[in-house]
Amino acid sequence: MRKKNIIVVGLQWGDEGKGKIVDLLAKDADIVARYQGGNNAGHTVVSGDLSLVFRLVPSGILNEEKICILGNGVVIDPVVLFQELEDLKAIGINIKGRFFISYKSHIIMPYHKRLDIARERLRGAGMIGTTGRGIGPAYEDKVARLGIRAVDLINRDLLYKKIVLSLKEKNHLFKNVLGEDVFNPDDLIEEYLNYGGKIQEFLIDSSIFINERLDKGFNVMLEGAQGTFLDVDHGTYPYVTSSNTVGGSALSGIGLGPTKIDEVIGITKAYTTRVGEGYFPTELKGEEGRVIRDKGEEFGSVTGRPRRCGWFDVNLIKEAGRLNGATGMAVTKLDVLSGLGKINICTGYMLNGSVINHLPFSSADYDKAIPVYEEMEGWSGDISSIKSFKDLPVNSQKYILRIEDLTGLRINMLSVGKERMQTINLKNIF
Ligand code: IMP
Ligand code: MG
């Protein structure tokens, strides 16, 4: 039987703990690939004394037998990429011959970053709360057919023409609308050609590369960034990122057909967090939210912003399960909930007098839809070294079983601490 190909996706608003789970699952995958997003992502992996944050490179890179790929759906800031590769070198990780980039991936340019930040300022109170990394403007240029692809960085004439074209409208915007300095293509060309020289050795066609290896019996794990409700179509629009984060886009973001995938594993925290603005029905704005934030160290790994914290939301997870076709899930950070007394699970939203079991259709209704809760007894004590489900406090077992019951998704893995070891396996994935 051939080895399984799997997709790992966040079921919430990102930061579900995908880094740790992907790192664990990587031992059973020959290839780990990212299919969307850019350095707006931040995957934290803890191994012994080392705590590493990856923004761009797949978290599978720590495992030196694995091949890691950035697919065509990813947007790449070369400044960040080469810094990250330097950092990996500094801790002794060898990437030679096992790290690749799709030649079709798009490049984040300095003008994208300036545009991202200036646009947020223009929005004022209606800001999205982006990471300010130029992600949205880079994807806009891709769709507007103004984007610079990784392969363009190695051709001076082409690159120059593309920068000139992309700046035509943008310089007008910078100067006349946003009150920002304009860019001169002559100031960018040498630096980005230099990146081209460095990126060349990594360029591949991710579709050819992966499909050829699958034919030879290799398997692949596709690693999502952000989370389902930051998806530009299915998320809490307009408070979303600028890519499709759901499992379906994993295929187009790498050049693989849907028939190749065996499992889709969703990752969720045992509670909910969100960073940036936007709809968050189960948010705890008071003391309980602060307790979860401090205990769970809920601060953005890219921007350092405090994450908003709230109760587990069955509506979200059910919807995410459907949108991704999830075949199972991993629940992370259960240990953070120890000692809370009572714990709530949101089972629906009350909107205009009736209960709905999906996100409100119109963003005008976001603030009117009020969560309906089921209260559960909490548990206490440090559960972070518990190795099997039956040794967990009874109330935490009940909480987990209730989550499975309400979401209809089987839990494969339960994470009770940051370390790789602090994981309870319930059902094998591979
Ligand atoms: P952008 O992706 O920088 O355009 O930001 C759009 C929204 O997505 C903001 O609310 C960000 O905080 C959020 N976001 C982007 N990437 C991540 C992530 O990796 N984890 C959590 N939130 C993210
Ligand atoms: Mg993150």
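Counting convention: from 1, in listed order, for ligands and their atoms alike.
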Option whose closest heavy atom lies nearest to [atom], chosen from [options]:
atom: atom 20 (N) of ligand 1; options: Thr130, Val302, Asp15, Thr273; value: Asp15
atom: atom 11 (C) of ligand 1; options: Gly276, Gly42, Gly129; value: Gly129
atom: atom 23 (C) of ligand 1; options: Asn40, Leu230, Ile135; value: Leu230

Out of curiosity, is [X] lining ligand 1, as in a heavy atom under 4.0 Å away?
X: Arg133; value: no
X: Thr303; value: no
X: Tyr239; value: no

Any N, O or S atom of Gly42 closer than 2.8 Å to the Mg ion (ligand 2): yes
Heteroatom distance test (Thr131, ligand 1): nitrogen or oxygen, under 3.5 angstrom: yes
Using a 4.0 Å cut-off to any heavy atom of [X], which atoms of ligand 1 qualify?
X: Ile128; result: 10 (O)
X: Gln226; result: 15 (C), 16 (N), 17 (C), 18 (C), 19 (O)
X: Val240; result: 6 (C), 7 (C)
X: Arg305; result: 11 (C), 12 (O)

Distance, nearest 0.5 Å, that separates OG of Ser384 from CE of Met421: 11.5 Å
Residue Phe389 excluded, over 12 heavy atoms near CZ under 6.0 Å: yes
Atom 2 (O) of ligand 1 - nearest protein heavy atom and its distance: Thr241 OG1, 2.6 Å
Side chains of [Y] and [X]: any donor to acceptor distance under 3.5 Å?
X: Ser166; Y: Lys170; result: yes
X: Gln226; Y: Thr245; result: no
X: Thr268; Y: Gln12; result: yes
X: Thr131; Y: Arg133; result: no

Identity of the N, O or S atom of Asp15 lying closest to the Mg ion (ligand 2): OD1
Among Lys269, Arg308, Arg293, salt bridge (Lys or Arg N to Asp or Glu O under 4.0 Å) partner for Glu298: Lys269
Residue of the set Asp262, Asp30, Asp28 for which salt bridge (Lys or Arg N to Asp or Glu O under 4.0 Å) holds with Lys3: Asp30
Candidates Asp313, Val246, Val240, Leu359 - the one meeting side-chain contact (heavy atoms from CB on, under 4.5 Å) with Phe229: Leu359
